[in-house]
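Here's the structure, in structure tokens; my notes come after.
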Amino acid sequence: MTHDNTPIASAGTGLVDLFARPISYLRLSLTDRCNLRCRYCVTEEESDGCLTKLAHDELLSYEELLRVARVAVGMGIAKVRLTGGEPLVRRNVMQFIRDLTRIEGLDDVRITTNGVLLERYGRELYEAGVTKVNISLDSFKPERVAAITGVDCFDQVWRGVETALALGFSPVKLNMVAMRHVNDDELADFALLSRRLSVQVRFIEFMPIGESSRWNADTYIGTDEIMARIAALGELIPLEKGRSDGPAKVYRLGADAVGTLGFISPISHHFCSRCNRLRLTSSGGLRSCLLHDHEIDLRPVLRDGSGDEALRQALLAAIRNKPEGHHLDERLRRSGSDCHGRMSRIGG
Ligand code: SAM
């Protein structure tokens with residue numbers, strides 16, 4: 001493939017990048033604020049107190065987010081995920097979500113949440129058309145959840161999970177970041193939950209992200225080890241990938257399991273060759289790879305009176321810059337991560 005400046009948008013077939021990857025998925029980080037202080041997401045100073053927050057005018061307004069979404073959908077983006085920070089803590093978020101789901105051509109809007117406010121907002125989300133939810137939960141032990149997140153919130157999160165299931169959200173995915181000596185003694189409990197509940201439990205490799213990431217090689221557990229430990233519980237039956245499975249490899253733990261297991265291996269078996277994503281940080285940085293810091297700042301384009309064509313060009317430039325892969329495994333062996341962006345702004 002020639003790497004000239006001629007991607008990308010081919011009429012009728014959507015967006016394709018320089019490495020022939022279709023780009024159809026946009027993740028919108030609505031805010032850098034969060035009601036939790038997860039140890040792996042914030043810096044040590046932040047875990048003791050407040051997150052360093054963006055100033056009001058650094059944050060994209062709802063109008064700006066809607067404009068980006070509208071233009072992106074017009075170019076071929078078909079799926080949008082809301083993330084953060086915690087998306088549900090932003091003021092008037094439900095009105096924004098209703099406006100978003102009304103964008104013509106956008107039929108797939110999902111949310112990733114810590115679940116704390118899901119009991120409160122679940123019905124409104126569902127009625128607005130957001131019926132697919134990922135809930136982050138790293139432990140079933142309330143005191144451990146409090147230690148990981150800085151907040152005694154297990155009961156609230158669990159009620160959020162029950163609310164989502166009762167309302168008929170499908171899929172309901174539980175995101176568990178697996179960390180040695182932190183929660184790896186619960187891998188079996190998480191896997192066994194999928195035998196009785198209609199959820200997809202997803203084991204995510206711990207990634208070295210952020211300015212003072214607490215990642216270290218001892219804490220990291222690769223998918224191969226996670227799977228080997230779970231395979232000791234019963235037969236892991238591989239399933240065909242569904243539309244909603246993203247980069248996860250999906251299995252059933254025993255033929256009669258109600259739910260499924262997903263394994264996400266951004267480090268050990270990275271899925272860059274299938275990556276279809278763009279990310280918009282809460283401050284308007286358009287990022288074509290989670291693990292590379294290069295961003296295109298959309299705020300000037302959104303605020304200097306330019307028309308939508310300028311925005312389209314910025315989106316195309318981000319796609320043109322999308323790296324072929326992150327090679328994080330090699331970089332870690334050499335010198336550490338190149339990803340210094342804040343997870344709380346990028347949104348995972
Ligand atoms: N507040 C929401 C939540 O908790 O789901 C959305 C934002 S959070 C940054 C999105 C996801 O990123 C969560 O599932 C979280 O567990 C995951 N995450 C954060 N830091 C991570 C890291 N260093 N490695 C792997 N996953 C991480």
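Ligands are counted one by one from 1 in listed order, and the atoms in each one are counted from 1 as well. Being a predicted model, the structure only gives us computed values, none of them experimental.
- Put simply, the side chain of Thr83 gets close to the backbone of Gly347: a donor and an acceptor are under 3.5 Å apart.
- Proximity of a side-chain donor or acceptor of Lys53 to a complementary backbone N or O of Arg33 within less than 3.5 Å is not detected.
- Between Glu124 and Arg98 a salt bridge is recorded (basic side-chain N to carboxylate O distance below 4.0 Å).
- Against a heavy-atom cut-off of under 4.0 Å, Gly347 is close to the following atoms of ligand 1: 10 (C).
- Other members of a hydrophobic cluster containing Val258 are absent, since no ILVMFWY side chain comes under 4.5 Å of it, directly or through relayed contacts.
- Listed by number with element, the atoms of ligand 1 under 4.0 angstrom from any heavy atom of Asn175 are 14 (O).
- The residue Leu36 has no part lying near ligand 1, judged by heavy-atom distances below 4.0 Å.
- Closest heavy-atom approach to atom 13 (C) of ligand 1 within the set Cys38, Ser136, Cys34: this belongs to Ser136.
- Both Tyr40 and Trp215 are assigned to one and the same hydrophobic cluster, defined by single-linkage of ILVMFWY side chains at heavy-atom distances under 4.5 Å.
- Numbered from 1 in the order shown, with element, the atoms of ligand 1 that lie under 4.0 Å from a heavy atom of Thr83 read 6 (C), 7 (C).
- Checked against a 3.5 angstrom limit, the closest N/O atoms of Glu86 and ligand 1 fall inside it.
- Using a non-hydrogen distance threshold of 4.0 Å, Gly85 registers as a contact of ligand 1.
- Heavy-atom distances between Glu205 and ligand 1 reach below 4.0 Å in at least one pair.
- Note that the CD atom of Gln156 and the CG atom of Asn114 stand 9.0 Å from one another [nearest 0.5 Å].
- Residue contacts with ligand 1 for Asn114 involve both N, CA, C or O and side-chain atoms from C-beta outward (heavy atoms, distance under 4.0 Å).
- Here is the list of ligand 1 atoms found below 4.0 Å of a heavy atom in Phe206: 22 (C), 23 (N), 24 (N).
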N/O donor to acceptor pairs below 3.5 angstrom from side-chain atoms of residues 225-232, sequence neighbours left out:
residue: Glu225; atom: OE1; partner: Arg180; partner atom: NH1; Å: 3.4
residue: Glu225; atom: OE1; partner: Arg180; partner atom: NH2; Å: 2.9
residue: Glu225; atom: OE2; partner: Arg180; partner atom: NH1; Å: 2.9
residue: Glu225; atom: OE2; partner: Arg229; partner atom: NH1; Å: 3.1
residue: Arg229; atom: NH1; partner: Asp184; partner atom: OD2; Å: 3.2
residue: Arg229; atom: NH2; partner: Asp184; partner atom: O; Å: 3.0
residue: Arg229; atom: NH2; partner: Asp184; partner atom: OD2; Å: 3.3

